[in-house]
Every structure is written in C-alpha cells, then in structure tokens.
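Here is how names work: the chains are called A, B, and so on, in the same order as the sequence lines, proteins then strands, and each is numbered from 1.
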There are 4 protein chains.
Amino acid sequence: MSPLNEEQLQVIRDERKEQIIEAALKIFARRGIIGAKLSMIATEAGISQGLLYHYFKSKDELFILLIQQAIQESIDSMKSVYQLPGSPIEKLRAFTQLDSEGQLYFMLIHQARTSDGVPEKAKQLIEQYSMESYVVDILEPLFIEGQKAGEFAPGDPRQLVSTYFTVVSALMTLNIHEDEAYQMPEVDLLLRIVTGRP
Amino acid sequence: MSPLNEEQLQVIRDERKEQIIEAALKIFARRGIIGAKLSMIATEAGISQGLLYHYFKSKDELFILLIQQAIQESIDSMKSVYQLPGSPIEKLRAFTQLDSEGQLYFMLIHQARTSDGVPEKAKQLIEQYSMESYVVDILEPLFIEGQKAGEFAPGDPRQLVSTYFTVVSALMTLNIHEDEAYQMPEVDLLLRIVTGRP
Amino acid sequence: MSPLNEEQLQVIRDERKEQIIEAALKIFARRGIIGAKLSMIATEAGISQGLLYHYFKSKDELFILLIQQAIQESIDSMKSVYQLPGSPIEKLRAFTQLDSEGQLYFMLIHQARTSDGVPEKAKQLIEQYSMESYVVDILEPLFIEGQKAGEFAPGDPRQLVSTYFTVVSALMTLNIHEDEAYQMPEVDLLLRIVTGRP
Amino acid sequence: MSPLNEEQLQVIRDERKEQIIEAALKIFARRGIIGAKLSMIATEAGISQGLLYHYFKSKDELFILLIQQAIQESIDSMKSVYQLPGSPIEKLRAFTQLDSEGQLYFMLIHQARTSDGVPEKAKQLIEQYSMESYVVDILEPLFIEGQKAGEFAPGDPRQLVSTYFTVVSALMTLNIHEDEAYQMPEVDLLLRIVTGRP
DNA sequence: CATGAATGAGAATTCATTCAT
DNA sequence: CATGAATGAATTCTCATTCAT
C-alpha cells in the first residue's frame, strides 16, 4: 500500500521538521511566544496547521526545542571564537559581528526571558545557561590572554566578559526590525569597553 | 444637590486614573501589549475590569496614553541632564543610573517598537521620537562640551551620542525581570565607550 | 433636617417620574428594549442613571409600565373616534392622522411584539389587548354605521375593521425615522380599502 | 496528497455557508442585529460559534452579506412580476402573496433600516435601494398598463406604486411571529387601494 | 503522511444594577 | 432625593488543538 519505504519517509520527516523549525525560529524570535500564531508558522513553513501536530505535540514543545537549539548554538559559537584568526582583540571583533541566524537565536532567548506564557521547562533551560556557568567560563581565557598581550584593559576579567557580553546581547535583541531609529553601533566603539582605549 | 461635590469627585477620578496608569505601565512594560491582559491590569490596580472602561475607552487608548507619557518623560529626563551637578562625565554618569520608573518607560517603548498588535497611533508617536530628531539633538551639546574639556574621546559627537544612547537603551530593555542571569554592568565600564579610557 | 415637606416631595417625585417616562417612551420606541440603553434614557430625561432606580426597580418594570400606558392610550384614542365631527368616513380619516405621541405608542407595541428580551408580563399584556377582544369591538359600530350610510363598502364589518387597523398599525411602525425611502401614503388612498371607491 | 479533494471541500464549505446564512437570516430578521446573538445563529445552524469565524470575518460582515442578498432578491422578485400569468391585476395579486423567505428578507431590511448598531455599509446599501430609484421604476409600467386596461384607478401611477408597495412592505414587517393578534389581511381588500373598487 | 474543518476555552468590551457618599 | 463610581455577567471574537477523511 505504501509507495514509500521507511528510509524515504525518514527523509521526508526530517525535511519537514527542519522546515518547521526554521519557520518557527523566525516567527518566535520576532513576535515572542504569545505573538507567534501557529497559523503563521504553518504558513511560513508552507504546510498545514494540522501537520504541525504530527511533528510536535504542542506549541510549547516546539518552543522548548528552539530554546535548546538556541542555547547549543550560542555555546558552540562562543567556543569557536578560539578558532578565529588574529589576536584576541581581532577574534573578539569578528565574534561580535554575528550572522543573522545567530541574531535570531539571541532574540529568541530574549523573548523567552522577558515574556510570559513561556513554558516552565524553557525557563529552566535558560536559567541553567546563565552567564556564570557557561558564557563567562568559555570566554574568560580569551580575555586573560588579551590582558596579557596588553590589548585589553586590566581588571577582573570575569567582570569584563560579563559586561561586554551583556552589552552585545542587549544590542542583538534591540535590533529586531530593520529599524532606522536605532542604528547598530560601530564595533570599534563597543570594543572600547574591553580595551579602555579610543 | 450633589452628594459628592465636583472637587471630591475629581480627586477620586484622578486617584483612580493614576492607579490604573501605574498598574498598566508595570504590566505593559513587562509583557507587551498582547501579553498584558486587562484582568492583570485591573487586579494590579485593585479595581474591577469594568471600571477600567469608565476611565479609558479601550486597551489601545490606555497603551497610547502610556506611550505619550513615556516619550515625554524620556525627553524631560534627557533635558534635565544639564541641571545635574559636575563635569560632563559626571552628568552622564548620573544620567545613566535611571530610576525604576524610567526603566519601565524604556521597556514600554521597546515593547511598542518590537511587538505586534501595537496601535497605529502609538507607532507614529514613536517614529516621530526617533534618535535623530530628538535624542541626539538634545545630548549633542553635552558631548561637545565633554570633548572640549578633554574628558570625552574625540570623533563625531553625534555618532558618540547615538552609540551610547543605543547601548544604554538596550540594557534598560534587557533588565526586565530582576534577573540574575544578566547583571547590570558597572556604569564606569560603559562610560569607556564615551571616554575611550579605562 | 429636610427642607421640603411631604407635599413638595410628592410634586418632585411626580415630575421626575413623568420626565423619565417621556424619555423612555422616545428611546424604547425608536430602539426597542435591547437597543435602548439606560444611560440614554437617563441622559434624555436629564437625570443620573442611579436616580432611575429610585423610581423604577428595573429596566423591565419601566418597559412594562410604558406598555400599559400605550395600551390604555390606544383604547382611549379609539373610543374617542366617536366624538370626532362629521360622517363615519370623516371620523375615520381624522382618526388615521395620529399625533406623534400616538405613533410612538404604536411603535412601542410593535417593538414589544417583535423583539426579544421583552419581559413576559409585557407579552401577556399585549396578548390580552388583541384585535378581537378590543380593537374590533370598539370600531365595529363605526363601520356598520358607515355601511348603512353607503359610505363604506359592504361585507363583513369585522374583517374590514381588522384589515384597516392592521394596515394603519403597520404603517405607523414603519414610519420610525424620518425616512425618505418610505413616504407615508395619502390617507385617501388608504381609505379606499374601506370605501371600495377611488 | 490531499485526503479530501478540492471539490469535496468546496461542497462542504458551500453547505456550511448555506446553513449559516439561512440560520442568520431567520435570527437577524426576527431579532435585529443587536438582538441576534452569535450563539443563537450557531445553534440554529447546528455548528459551534468558532466555526462561524471560519466562514465570516465578523457579525457585521455576515449581516451585510444578508442585506445584499435581501436587496438582490427583492429586485429580482419585483422584476419577475412581469413573467406572472394573467392581467395586471392578477399579476399584482400573485406578487403580493410572498413566500416565507421573501418575508424574512423584508423584515431584515426593515430591521436594518430602523435599528441601531447597523454597519455603515449596510445602511449605504439600503439607501441606494430606495423606493424612487428602484422599486417605483420597476413596477411603474405594470401600473400604467393596468390603468390603460381600465383595471386600475386613474391618477399618478408613481404615487400608486409607492403607496401600494409601502403598505405591503409594512404588512410584511409586521407579520413577524405567527401572531394571531394581527392576521394578514385578504389580498383583495388591499388591492382596493390600486383598483379603487370593492 | 497530510489536510483543513471543527471545537472550546479565554480575552476585550458593554451595560444593567448596586452602593457609598 | 440624588450622584456617579463600581461591579460582574453576558457577548463578540481569537486561536491552540483535535479529528474525520
């Protein structure tokens, strides 16, 4: 009866899931969990609303999955800073210029942190991925290296990481629409926080 | 003839309006116009839902009023920077440490800018109050003075204002819950953007 | 304590009641029991909403009182047709040209008959005041006289009364707004139903 | 791919729309736009309230659609008078005996003309379909023919049309419930207005 | 697997009615 | 007697979720 074998079905399933996840990321990041309507996600993914429920048990489950991906991506992206070429300051400059998917993930996490209607599980995930436990640990060596090289200003490196990351995170989340009111600042001006130099 | 005279009634009305506005500011700022439920605002204000409609024609009207207040407060607060004591850098430092009501206003404007379901009139108001037309104009003299005094780094003062204001705005909006994940950075670290010094 | 004696109070009470009844008749007749808002009636009567409840227990009670008045007025007006001068046909012509308060009563009864949300008691009152038991009985002698005088067409006089009254009632209720779409017909054309003559 | 093909879906959709329209016509005609509750329409149509909104954007849109249908049906019905068999008077007699759906449409237009809360667009539609511009134009030739044949009374034919149509309209709107108080008059008595004869 | 019709719970808004003054 | 602030139940509309096909 079935014209497709198991393997082909798996391929279809994976493709569909990927479509849905991409669509959901866009919509959730821009509109938050309340503003995002399943009808929008379905339309963006090019499928019917009903089909969403073959792949995800609920809106919440889909949201939680995206949060997990966002956290994973953020961690990976931070770890990869060490693979970037150049001195610590050059690594940091490159890291600061995120691609657009990276921005979507930041916005998503921001939405999850600040909105309500966020599933409890998503909140827990984000809480675990706090500054102290991950971000600062990962980036601290880079900053210490920068201070040794005299590129970065002296002082508590963990505070420096925390401040710089908070500022960049905040700017990411602000930059939601192509909004002329707030134009993204020059990277070099931001780096002054770290370098203490003009 | 009347059991409560006009003056007493006016007092009651003003009190109620103030209660509602305060409650609405909290709720709207934290949850956005969609996430904010009138039942929450009513409960926060300690009144019934129905009474909201004696004082405001609709949720939208209430939101628009708050946006107008937020814009007015922001402008006033920026203008008042010149009344603060001390050198330009000291004025700016004091200005950066906003009170909590000021923070709510920033969040509100952020919500209005980035969310769905925002009334058209609110959008227009915010568009008028863009960086170029107000904020930069108001703060530019302070920065020029700071540069003349050698406190601020050289360079285009308008770009410096814009960058600093954007960073501070972004941090305000991030700081929504009393969230330990992101702790607010030290002001002195932020001021490095302006001073170019450690 | 009280600066007004009982008699003066009674005068005030009666005046107020009359104000309210007049206002309510206008509003109920034009908008029906559902479309009529107590706020409108209060405004039309020049009093506060709360005061309505000193004089009437509820919207329904007020409506029922008006229906009673309407029925009484209708009956009185029909009985008075015999006091009008002239031949039967002239009496009937004059009767057909109702004054505006008479029209309001007709509309009110129409509203009560056709709308819902009408209190049960009002329905019962109107049912009792049906064509057979009152209207036809009252007008039948006039029609018999007209037939004897050769002014009215022959045939069952009760059917003639019923038809003519139904047509006039229907036209009254139609004439709600000063609506140019339906202009009220000439009385003489209507009288053809009764006379059978051009 | 699709479990129900487009044709089958279209059939379902058409059926549902028809169900809803029929139910809405009954309820709106009898209770007006304010008195008609969506819950009643949904129950009468045998569906859930939510489903109404798959087929119609709002209560107003549904009402406007019905008004359009009512106007169209009225015009068609008047034009078809010329297809009826017999002399002008026989055509007019047949035309006067409307079916029950035709009556509902008359009531609906009456409701729209006299009630509150009627959408602006519905008002405009009805205004365009006024006596002068349509009804009289359409029926005038029939009346002129009747006068030539000596069946109809002499005089301004447009006034005769207008009067007769107004009376019939008024009777239609009166006859809302199966109401024994007002029994519908004999057609032959009404036709006396036109013929001027017993 | 896939569709879209169908449902029902929840949110904004209106308004008759009550109540403190 | 008189006011108008205050309440809450009822109504329209939205949308996540289910289900027949």
Quiz item: Lys37(B) side chain N/O closer than 4.0 Å to the phosphate oxygens (OP1, OP2) of dA11(E)?
Solution: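 Checking dA11(E) against Lys37(B), no side-chain N or O comes under 4.0 Å of OP1 or OP2.
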Solution key, residues 40-54 of chain A side-chain donor-acceptor pairs under 3.5 Å, sequence neighbours excluded:
unit_1	atom_1	unit_2	atom_2	d
Thr43(A)	OG1	Ser39(A)	O	2.8
Glu44(A)	OE2	Lys26(A)	NZ	3.2
Ser48(A)	OG	Leu51(A)	N	3.3

Self-check item: Spacing of Glu7(B) atom CD and Leu9(B) atom CG [to the nearest 0.5 Å]
Solution: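 Glu7(B) atom CD to Leu9(B) atom CG measures 10.5 Å (nearest 0.5 Å).
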Exercise. Measure the CD-CD1 distance between Gln19(D) and Ile21(D) for me, rounded to the nearest 0.5 Å.
Key: 11.0 Å
When the distance from [atom1] of [X] to [atom2] of [N] is rounded to whole Å, what number comes out?
X        : N       : atom1 : atom2 : value
Glu6(B)  : dA5(F)  : CD    : P     : 9 Å
Glu61(D) : dC13(F) : CD    : C1'   : 13 Å
Leu62(B) : dT13(E) : CG    : P     : 10 Å
Ile34(B) : dA16(F) : CD1   : P     : 11 Å
Phe56(D) : dT14(F) : CZ    : C1'   : 18 Å
Lys57(D) : dC15(F) : NZ    : P     : 14 Å
Phe63(D) : dT12(F) : CZ    : C1'   : 16 Å
Arg13(B) : dT3(F)  : CZ    : P     : 14 Å

Self-check item: Neighbours of DNA chain F within residues 14-28 of chain B, by heavy-atom distance under 4.0 Å
Solution: Arg16(B)
Quiz prompt | Stretch residues 38-55 of chain A: residues that reach within less than 4.0 Å of DNA chain F through a heavy atom | solution =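 Those residues whose heavy atoms fall under 4.0 Å from DNA chain F, taken from residues 38-55 of chain A in numerical order, are Leu38(A), Gln49(A), Tyr53(A).
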Exercise. Only counting residues at least two apart or in another chain, list the ones meeting side chain to side chain contact (heavy atoms under 4.5 Å, CB included) with Glu15(C).
Key: Val11(C)
Practice problem: Could I get the full list of side chain to side chain contact (heavy atoms under 4.5 Å, CB included) partners for Gln10(B), not counting sequence neighbours? | Solution: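 Partners of Gln10(B) under the side chain to side chain contact (heavy atoms under 4.5 Å, CB included) test: Glu6(B), Arg13(B), Asp14(B).
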Practice problem: List in chain and number order the residues that pass side-chain hydrogen bond (donor to acceptor under 3.5 Å, both in side chains) with Gln72(B), two or more places apart in sequence or in another chain; answer none if no residue qualifies. | Solution: Asp76(B)
Quiz item: Should the heavy atoms of other residues, nucleotides or ligands under 6.0 Å from NZ of Lys123(A) be counted, would the total exceed 12?
Solution: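 Atom NZ in Lys123(A) is crowded, with more than 12 foreign heavy atoms closer than 6.0 Å.
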Looking at every non-hydrogen atom in both residues, tell me the closest pair between [X] and [Y] and how far apart they are.
X        : Y         : answer
Ile34(A) : Gly35(B)  : CD1-CA, 3.6 Å
Ala29(A) : Leu108(A) : N-CD1, 4.1 Å
Phe28(C) : Gln111(C) : O-CG, 3.9 Å

Quiz prompt | Per Lys59(A) side chain, nearest of listed nucleotides dA16(F), dA5(E), dC1(E) | solution =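 The nucleotide sitting nearest to the side chain is dA16(F).
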Quiz item: Which ranges of DNA chain F pair up as stems, where a stem means three or more consecutive Watson-Crick or G-U pairs with both distances under 3.5 Å?
Solution: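 E:2-21 with F:2-21 - these are the stems of 3 or more pairs that involve DNA chain F.
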Solution key, residues 57-70 of chain C side-chain donor-acceptor pairs under 3.5 Å, sequence neighbours excluded:
unit_1	atom_1	unit_2	atom_2	d
Ser58(C)	OG	Asp60(C)	N	3.3
Ser58(C)	OG	Glu61(C)	N	3.1
Lys59(C)	NZ	Ile33(C)	O	2.8
Lys59(C)	NZ	Ala36(C)	O	2.8
Glu61(C)	OE2	Lys57(C)	N	3.4
Gln69(C)	OE1	Tyr105(C)	OH	3.2

